[in-house]
Amino acid sequence: KKNLHLLSSEQVELAKMLMEMGQSHLFEKWAAPGVDDNEKRAFFDQVAKLNSSYPGGLKSYIKTARELLADSKAGKNPFDGFTPSVPTGEVLKFGDDTFINYEQAGVKEAKNAAFVLVAGGLGERLGYNGIKVALPAETTTGTCFLQNYIECILALQESSCRLAEVSNLAISNVNASVYEEVSTFMLLSSNNIYLKFVGKCQEIPFAIMTSDDTHSRTQELLESNSYFGMKPTQVKLLKQEKVACLDDNDARLAMDPKNKYRIQTKPHGHGDVHALLYSSGLLKEWHDAGLKWVLFFQDTNGLLFKAIPASLGVSATKQYHVNSLAVPRKAKEAIGGITRLTHADGRSMVINVEYNQLDPLLRATGFPDGDVNCETGYSPFPGNINQLILELGPYMEELKKTGGAIKEFVNPKYKDASKTSFKSSTRLECMMQDYPKTLPPSAKVGFTVMDTWLAYAPVKNNPEDAAKAGAQVDEPVQEVFNGQEVEVWPRLTWKPKWGLTFSEIKNKVSGSCSVSQKSTMVIEGHNVILEDLSLNGALIIDSVDDAEVRVGGKVQNKGWTLEPVDHKDTSVPEEIRIRGFKINKLEQLEKSYSEPGKFSLKP
Ligand code: UGB
C-alpha cells in the first residue's frame, strides 16, 4: 500500500487484483517504501503488459491455470467421454486429374488469400542458435526459408492474377470455359500471350508472428534483403508476448530468479497467433478488403508451397471452414494425428490429437493395441503438419466471440507422485491447431492428405515432380551424413516463379529429358524450357523474365559433389554443421540471359 503513489490508476487496479487473486507473495521481498522505485514501477509495467496481452487479462489467466492444474493433479483425462475414430477427408494423389483441377481452383482463389507464418519459436531442438527462417531451405542455392516463402507467395500472386486476367480476356474472346482450362499452358508457353498481360496484381498480404526471441532478427533479415522482392507494406510482423510462469497448484505467479521485481515468463505457444491477428485489427482489414482465406504455416517446411495450390482448391471446392494439411503417418511417429472425437452426449469434432496422447486415448477406448499401422503400412490417423487453411468470414465471426483465445493446456513436471510441487515453474500453453475446439457442430472442418515428399520434408528436394512431368530422374544412392543414412537424389531446384503447380512445371519440360544421380540443376529464370535435355553434371541457368530460353542436348561435366562435414567441427558455419555436408562446386555449365528475346542452349 505504501507504494501505490508510484502507480497509475489502472496499475492500482491491477495491484488490487493481484492481492485478491492470492498473489501477495510477489511483494514479500520488496525493499522498504522509497527504495528501488524505478524497479517497482517497471514491475507494474510488466504486469500491465502481461494483463493486456492475454485475452481476458491476468485474472482470467490465473483462474484458468488453477482449473487446469487441478485437472492435471487429479489425472483427469482431457478426452473424457470422447471416443476416437478415423475421420474422412480428401486424399490427393499427386498429378492425377483431380489434383490438377484442385490446383487450378487453388491458384484462382490465391488472390483472395492472406498468409500467416508462425515463427516465434527458436531452434532449440534442432540445435541451432539463429532464427530458423534464416536457415537454407536447400543447400544447392542456399536460399533461406523466408526467401523461399516470399518468392512462393509472389509467384502464386502472379499466377492467380494472370489466371483472373485470362478469364477476363476469355469473355471478350471465343469460348470462356475452354480457354480457361488451357490458360496456364497457353500463357506459359507463348510469350505473345504472356506479354499481353499488363494488369496490376492484387497483393497477397503476408503476416509473420515473431516473439522476443526472433523479432529483431527476422526484421533484420527482411530489411537487409529488401524484403526478398516483396513490398515492405505487404509484410506485417506481429510479436507474441510471453506468459507468466506458475510456481504451484494454486497458480502463484513465479518470480524471476534473477530479479525480485519481475515475474518469470515463458512462451505460450503458436496458438497465440489467433488472438494477435484479431487484436491487431489485421483480420478485419483483410475481411474489409474482400479476402476469403487465411493460410497458416510453420517456419521450416520448404516443400509446403508445392501442396498449397491443391489444398486451397480443396477448401474452395468443399467450402471447408477449416482445412488441415496432413501426410500419411507411421504409428507412434512424433506428429499429431487428425482424429474424429465423438462425445457420449453426441458432440463431435475433427481435431489434432498430439502423438503422445493418441496412443493412450486409443487404448482407453476399446483399441487394446493403441496406435498401430493398418494394412497400408501407415496409421489410419493422418499426420497433422500444422498448416491450416481457414475461411476468413466464419473465422472472424468465431473470433468476435472468443477474442482469439484458444483452449490451453498445462504440462507441469511434478517433484513426486503426490503432485503437490513442481520441479521447475510451468505455464499455460496453446496450439494453433486447437482452434476448431470451440467451433459449433455446424462448422465444416476437413483435412487434405498429400504425399509426404510433396508437402512435408523440410529440406528434401523434389525430383519426382520432374520425373512425373516427363523427365527421367535417376534413383538415389544411400549416403551417411551426421551419422544418419539418407537417400541422395539429384539436386534440382527452381525459383517458385518457374513453376508452382504440376501443370506449370509439366509445361516447361518436354521431349525426352534425363537427369543422372550426381547432377545438380538450378533454374533461376521464369521462362526456361527443358527440351530433350540429358544432364550429367551441374547446370545453372539464370534469365530475365522476358527471355525465353530453350535448354536441351547433352550437358556433361564434373558437377557439384556433396562432402561430409563433422558436426563437431566448429570451424564450419553452424547451418552447414547441423546438416552434415557441404557442396563442392567442381565444374558446371552456367549461363545467364540478361536481355529479352528467344534463346537456345544446346551444347
Ligand atoms: N512457434 C511460435 O511461433 N511460437 C511459439 O510460442 C512456439 C512455436 P514447433 P510443435 O509439424 O511435425 C507442431 O516447436 O509445436 C512456431 C504440432 O503441434 O516446431 O512441437 C514455431 O516457430 C504437431 O502436431 O512444433 O509441433 C514453428 O514455426 C506436429 O504437427 C511452429 O510454431 C508438429 O508441429 C511449430 O513449433 C510438426
Side-chain angles (χ1 to χ4, degrees), residues 53-54 115-135 137 144-146 148-149 206-215 217-218 221 237-245 265-277 295-304 307 324-330 332-339 350-359 361 371 379 381-388 404 406-409 411 426-437 447-450 452 455-460:
S53 58
Y54 184 82
F115 283 85
V116 181
L117 166 63
V118 288
L122 271 181
E124 282 160 354
R125 265 183 295 170
L126 191 64
Y128 180 60
N129 289 309
I131 50 168
K132 287 187 279 176
V133 290
L135 279 170
C144 73
F145 283 104
L146 191 54
N148 177 255
Y149 291 150
F206 179 34
I208 307 175
M209 181 171 81
T210 56
S211 66
D212 277 325
D213 296 328
T214 63
H215 186 82
R217 283 180 283 177
T218 307
L221 182 65
L237 264 55
L238 301 173
K239 185 160 78 74
Q240 67 176 138
E241 298 298 338
K242 292 182 177 167
V243 287
C245 291
T265 58
K266 283 188 182 166
H268 189 224
H270 38 74
D272 280 350
V273 71
H274 302 292
L276 269 176
L277 286 174
L295 292 90
F296 296 85
F297 62 109
Q298 307 191 74
D299 50 17
T300 57
N301 188 2
L303 285 184
L304 174 73
S324 300
L325 269 62
V327 294
R329 167 182 179 278
K330 290 277 182 195
K332 302 191 177 64
E333 200 179 336
I335 319 179
I338 297 189
T339 311
V350 175
I351 196 85
N352 172 63
V353 177
E354 283 296 64
Y355 58 90
N356 55 338
Q357 295 176 320
L358 185 59
D359 189 71
L361 171 65
D371 180 19
S379 160
F381 299 94
N384 161 52
I385 63 167
N386 238 13
Q387 323 289 332
L388 305 175
I406 297 298
K407 277 218 173 301
E408 295 160 300
F409 61 95
N411 190 11
T426 188
R427 84 291 196 182
L428 301 189
E429 293 176 74
C430 63
M431 302 190 290
M432 72 171 170
Q433 68 269 33
D434 279 345
Y435 162 72
K437 281 191 172 167
F447 61 91
T448 305
V449 184
M450 303 260 191
T452 306
Y456 189 61
V459 284
K460 198 168 116 173

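Each ligand, and each atom within it, is numbered from 1 in the order the structure gives.
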Please determine whether the number of non-hydrogen atoms from other residues, nucleotides or ligands lying under 6.0 Å from atom NZ of Lys407 exceeds 12. no

Check ligand 1 against Asp299 and write out every atom of the ligand that is under 4.0 Å from a heavy-atom position of the residue. 21 (C), 22 (O), 27 (C), 28 (O)

Below 3.5 Å, N or O to N or O, backbone or side chain included: is there any such pair between Gly121 and ligand 1? yes

Nearest atoms (heavy-atom pairs only) where Val133 meets Ala119: CG1-CB, 4.2 Å

Numbering as shown, the atoms of ligand 1 that approach Asn386 to under 4.0 Å (heavy-atom distance): 13 (C), 17 (C), 18 (O), 34 (O)

Donor-acceptor pair between His268 and Glu408 side chains, under 3.5 angstrom: yes

Going by distance only, is there an N or O of Ala334 that falls short of 3.5 Å from an N or O of ligand 1? no

Using a 4.0 Å cutoff against the non-hydrogen atoms of Ile335, which atoms of ligand 1 qualify? 30 (O)

Determine whether any heavy atom of Gln240 lies closer than 4.0 Å to an atom of ligand 1. yes

So which heavy atom on Leu388 is nearest to which on Gln433, and how close? CD1-CA, 4.0 Å

Candidates Lys266, Met432, Gln298; heavy atom nearest atom 31 (C) of ligand 1 found on Gln298

What atoms in ligand 1 come closer than 4.0 Å to a heavy atom of Gly120? 2 (C), 3 (O), 4 (N), 22 (O)

I'd like to know if the side chain of Asp359 and the backbone of Asp371 have a donor-acceptor N/O pair within less than 3.5 Å. yes

Which pair of non-hydrogen atoms, one from Gly302 and one from Phe145, has the smallest distance, and what is that distance? N-CE2, 3.5 Å

When every non-hydrogen atom of Ile208 is compared with those of Leu146, the smallest separation belongs to CD1-CD1, 4.1 Å

What part of Thr300 sits under 4.0 Å from ligand 1 if we count only heavy atoms: the side chain, the backbone, both or neither? neither

Look up atom CG in Leu238 and atom OG1 in Thr210, then write down how far apart they are to the nearest 0.5 Å. 7.5 Å

Does any N or O of ligand 1 fall below 3.5 Å from an N or O anywhere on His268, backbone included? no

Out of Lys132, Met431, His270, whose heavy atom sits nearest atom 36 (O) of ligand 1? His270

Decide whether the shortest distance between a heavy atom of Gln433 and an atom of ligand 1 is less than 4.0 Å. yes

Please identify which atoms of ligand 1 are closer than 4.0 Å to at least one heavy atom of Glu354. 17 (C), 18 (O), 23 (C), 24 (O)

Suppose I only count heavy atoms of Ala119 and a 4.0 Å limit; which atoms of ligand 1 are within that range? 3 (O), 22 (O)

I need the minimum non-hydrogen distance between Ala334 and Tyr355, along with the two atoms involved. C-CD2, 3.4 Å

Report yes if some N/O of Val118 lies less than 3.5 Å from some N/O of ligand 1; otherwise report no. yes

Ligand 1 to Pro267 polar contact by distance, N or O atoms, under 3.5 Å: no

Can we call the ring centroids of Phe297 and Tyr149 under 6.0 Å apart? yes

Under 4.0 Å from one or more heavy atoms of Gly336, ligand 1 contributes atoms 24 (O)

Where do Gly383 and Ile335 come nearest, in terms of heavy atoms and distance? C-CG2, 4.0 Å

